[in-house]
Amino acid sequence: MRAQTTSSRFRALLNLKATSMSVNINNNVLLLQPFSFEDTIQYLKNAADTKNLIFGKIIHAHLITSSQLNEQSNNVVLMNSLINFYSKCGEIRVAQNLFDEMPQRNIVSWSSLMMGFLQTGGGFQVLKLFRNMGLVDGIRPNEYILSTALSACKGMLFEGQQCHCLGLKSGLVFYQYVKNALVRMYSMCSDLGGAMGVLYSIPGSDIVTYNSIISGLLDHGYMNEALGVLNRIVAEYKAWDEVTYINIFALCARIKDANMGMQVHNHLLKNSGEFGFYVTSSLMDMYGKCGKISYARKVFDSLNTRNVGSWTTIMAAYLQNDCFEETLSLFLDMELEDVEPNDYTFAVVLNASASLSALGYGTSLHAYTEKLGFKGHVIVGNALINMYSKAGFVGHANKVFTEMINRDIISWNSIISAYCHHGLGNEALSLFNDMLAAKIKPNNITFVGVLSACGHLGQVQEGFYYLQQLMNQMGIEPGLEHYTCIVGLLSKAGLLLEAENFIRFTLVNWDVVAWRTLLNACHVHKNYDLGKQIANIVLQMYPDDVGTYTLLSNMHAKAKRWDGVANIRKLMRERNIKKEPGLSWTEIRNNTCVFVSDDKSHPELKQIHEKVKDLLNKITLLGYVPDIATVFHDVEAEQKEEYLSFHSEKLAIAYALLKTPPDAPIRVIKNLRMCSDCHSAIKLISKVTNRLIIVRDVNRFHSFRDGNCSCQDYW
DNA sequence: GTAGGGTTAG
């Protein structure tokens, strides 16, 4: 009876026909009749393909107990199958041991072991085997070996080129697999010229060649070339496969060409009956990235089955279109359908929480990621850093960073820029040095953080050192964003003319950001004459830039040039430029409360106004004087004071003070730049209430504590 | 018995 049960289980496990084997139990050792040689090979292949380690190990054990591995004859094929199986299952050391024990090996033995190393990321070991193959066993490579060796040359162009030479000399390049591996090799080494050279110089391309080249061109930003190859595919190739569609949707997404995307979508519907998750996901992704969220949703709604990838993709599409609430609500829908989130899903929803500064939601998600065992996943950790940082808690972000098991360049960039947004330049630079010490190569984004940290610290010379020497040394070309940081650096240091000259004499396609940075500096440094000049230059180039009008008007006001203020107002009316209404929100016990400037509709309006008045009375005793000059309204003086009192951030802070425990930090998020009156008022409010008040405005964070702000009054 | 191209992320 027992034997019967074991036997049937065993058969089920091996997926064998009931008649094909018998089982004897002898001293608890399971003895099986030998399988036929062909069956054994087939089982091992199945085990390898399905990565079923247990299944394959049983076969291996059986081969040992039934003495089939001891016979020297015919064992090479069997051993190769075992090596292949262990390689595919990632058990590279077992594969290596078996390989070492073989008295005789053939080319397939080498090939199988090389695949194992390739899969586990051991590109260098693959090449070592490739060399030793000739030295030890005197074997010349075939097309399998060369393809594998080429795949191992990721980031090793010189080695890849040597393999290419070898292929040319031996004629192996004419095998389709080898040609395709060559295209991939050059792409993986960022040599797209080399890849295109292979494409056109070696005759014969199949759909994989075209898919590979498009994917390589896309990865490296060669959009026009990718479009050129696409035209060629359209003309020459009717038999597209799933990967072709996926790549072309990715291309449409990158160049944001929804029309082309729709044509390809049509092509897909006409030429293919059914398609898998990869295709539908890339289709939704394309519509999302082209800003056609309703089309993405239509595809999503039309799906018969959805996997976690489908859900994550549609959520990401909403996220990319700034529909953060929708993203979070889809996450709940997904939960209701019992689809389990993966690391990508968490990255998306955490990002949505970050954008909303929804700390409550983000914290719950953090707990959930730990529960599901995503602690070691880099993208989740990175998303958590981002979430805590944008929620105003750079300390929490740092805790996540410190505890991360695996970090990548984005983890470092995220924490560095988190510190920058909070104005903590020293911490940012110290992490940058840690990063260099850890032998992580910085990229262009890292240097945006580094340069802006120098800006916060007023380290002008250091900033130029990083820009002109270190970046050059590391082979990173400075771009607009870096030059803009330098403008900020000079501006903050009060070197306004230097900043202006830097803009004028640096040949970059400047945008409005750099100019506005300089203009803001004129405002803060009270150089109103230069400021007005700059503002007029900016308005000639960017007549719609609301921020410039506001700053210019403020500068006129501070210089008591009321005629100037009136002129700006007139100009704005003529040009139909409208200031966005001020909006602040704060989270109280997981509820988000929104306040509009001069809000008249809030149910607790009376208490809030009383609280604001109470606070203003208290801080007046500490020397607060309403900064009525900057009020952007044609109103009487006493009304101006009233307007200032009802700025949305003041309302939000008053409300939060009413509703939270006395020691809780207050967090407010604002859609605009904070005005200087609110800034000086909140500094004093933090003092009289003894509270930490964190305000995230459109540019950065302000941490108010005990009468001071982390921005040190420059923002 | 051995080999290829791909979705959702920060």
Side-chain angles (χ1 to χ4, degrees), chain A residues 37-38 40-42 44-45 48 74-85 87-88 106-116 118 142-151 175-185 187 206-216 218-219 241-250 253 276-286 288-289 307-317 319-320 341-351 354 377-387 407-415 417 445:
Chain A
F37 183 78
E38 290 73 23
T40 308
I41 301 298
Q42 190 59 49
L44 285 173
K45 187 175 158 56
N74 222 354
N75 265 5
V76 177
V77 172
L78 206 52
M79 289 296 280
N80 289 348
S81 294
L82 281 167
I83 292 169
N84 177 47
F85 156 71
S87 286
K88 291 269 169 62
N106 68 10
I107 195 160
V108 180
S109 326
W110 289 90
S111 169
S112 303
L113 189 63
M114 283 166 75
M115 275 309 293
L118 183 64
N142 65 3
E143 68 275 24
Y144 285 80
I145 295 280
L146 188 59
S147 304
T148 309
L150 282 164
S151 306
Y175 284 94
Q176 190 72 65
Y177 267 89
V178 173
K179 174 174 173 178
N180 295 347
L182 275 166
V183 170
R184 283 260 308 145
M185 180 277 289
S187 294
D206 66 359
I207 194 65
V208 177
T209 327
Y210 285 120
N211 292 342
S212 302
I213 195 79
I214 291 222
S215 152
L218 275 179
D219 281 349
D241 68 5
E242 291 212 339
V243 182
T244 320
Y245 286 106
I246 291 163
N247 279 323
I248 297 177
F249 285 136
F277 291 125
Y278 277 71
V279 176
T280 49
S281 290
S282 58
L283 178 58
M284 289 189 285
D285 181 57
M286 179 275 293
K289 294 216 165 92
N307 69 359
V308 60
S310 329
W311 282 97
T312 307
T313 307
I314 190 70
M315 282 157 58
L319 175 72
Q320 283 147 4
N342 65 15
D343 43 354
Y344 288 92
T345 322
F346 280 117
V348 172
V349 282
L350 282 167
N351 197 349
H377 289 242
V378 189
I379 62 168
V380 176
N382 294 347
L384 284 168
I385 295 176
N386 182 38
M387 185 276 292
R407 301 188 189 108
D408 64 6
I409 175 79
I410 294 172
S411 325
W412 288 92
N413 288 349
S414 302
I415 190 68
S417 69
I445 295 174

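Predicted, not measured: the structure shown is a model, and the values here were computed from it. These numbers come from the heavy atoms of this one structure, side chains and all, not from hydrogens, waters or symmetry mates. Within every chain, numbering begins at 1; the chains are lettered A, B, ... in the order of the sequence lines, protein sequences first and strands thereafter.
- Counting any heavy atom pair closer than 4.0 Å across all strands shown, A/Leu150 reaches no nucleic acid atom.
- Residue contacts for A/Asn413: at a heavy-atom cut-off of 4.0 Å it reaches no nucleic acid atom on any strand shown.
- Note on A/Lys45: a side-chain N or O is less than 4.0 Å away from OP1 or OP2 of B/dT2.
- Look at CG on A/Leu283: it is 14 Å from C1' on B/dT8, rounded to the nearest Å.
- Look at A/Lys88 and you'll find a side-chain N or O under 4.0 angstrom from OP1 or OP2 of B/dA3.
- Rounded to a whole Å, the CG atom of A/Leu118 is 15 Å from the P atom of B/dT2.
- Counting to the nearest Å, the P atom of B/dA9 and the CH2 atom of A/Trp311 are 17 Å from each other.
- Among the atoms of the strands shown, base atoms are found under 4.0 Å from some heavy atom of A/Val108.
- Within the nucleic acid shown, A/Gln320 comes within 4.0 Å of sugar-phosphate atoms alone, with no base atom in reach, counting heavy atoms only.
- If you take CG of A/Leu146 and P of B/dG4, they are 13 Å apart, rounded to a whole angstrom.
- With 3.5 Å as the limit, one finds a donor-acceptor pair spanning the side chains of A/Ser310 and A/Asn307.
- Considering only side-chain N and O atoms, A/Arg184 lies nowhere under 4.0 angstrom from the phosphate OP1 or OP2 of B/dG4.
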Step-by-step side chain to side chain donor-acceptor pair (under 3.5 Å) determination, A/Asp408 to A/Ser411: CA-CA 5 Å; A/Asp408 64 6; A/Ser411 325; 2.9 Å; yes
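- With contacts defined as side-chain heavy-atom distances shorter than 4.5 Å, the pair A/Lys45/A/Asn84 does not qualify.
- Side-chain contact between A/Asn386 and A/Ser414 is absent, with no heavy atoms from C-beta onward closer than 4.5 Å.
- Residues A/Phe37 and A/Leu78 share a closest heavy-atom pair of CE1-CD1, 4.1 Å.
- In this entry the distance linking CG of A/Leu218 with P of B/dT7 reads 9 Å, nearest Å.
- Judged by atom type and distance alone, A/Asn211 does not reach the base of B/dG6 through any side-chain donor-acceptor pair under 3.5 Å.
- Considering only side-chain atoms of A/Ala316, the nucleotide from B/dG4, B/dT8, B/dT2 that sits closest is B/dT8.
- A/Leu350 comes within contact range of no nucleotide atom at all, as no heavy-atom separation falls under 4.0 Å.
- A/Ile246 comes within 4.0 angstrom of a base, heavy atoms only.
- Distances from the side chain of A/Val208 to the nucleotides B/dG5, B/dA9, B/dT2 place B/dG5 closest.
- Inter-residue side-chain proximity for A/Glu38 and A/Ile41 is flagged as unmet; no heavy-atom pair is nearer than 4.5 Å.
- Per the stacking criterion (ring centres < 5.5 Å, plane angle < 30°), A/Tyr177 stacks onto the base of B/dA3.
- Regarding contacts with the backbone of B/dG6, a side-chain N or O of A/Ser215 is found under 4.0 angstrom from either OP1 or OP2.
- No engagement by A/Ala181 is indicated, since no non-hydrogen atom pair under 4.0 Å with the nucleic acid exists.
- Comparing B/dG4, B/dA3, B/dT8 by their closest approach to the side chain of A/Ser147 singles out B/dA3.
- The structure places CD1 of A/Ile214 at 6.5 Å from CG of A/Asn247, a figure rounded to the nearest 0.5 Å.
- Among the protein residues, A/Asp343 comes within range of no part of the nucleic acid, since none of its heavy atoms lies under 4.0 Å from any strand.
- Note: CG (A/Leu182) to C1' (B/dG4) measures 12 Å, nearest angstrom.
- For A/Ser111 and B/dT2, a side-chain-to-base donor-acceptor distance below 3.5 Å is present, hydrogens and geometry of angles not being considered.
- Rounded to whole angstrom, the span from the CG atom of A/Asn382 across to the C1' atom of B/dT8 amounts to 16 Å.
- In this structure, the CZ atom of A/Phe277 is 11 Å from the C1' atom of B/dT7, given to the nearest Å.
- Of the listed nucleotides (B/dT7, B/dA3, B/dT8), B/dT7 has the atom at the smallest distance from the side chain of A/Ser282.
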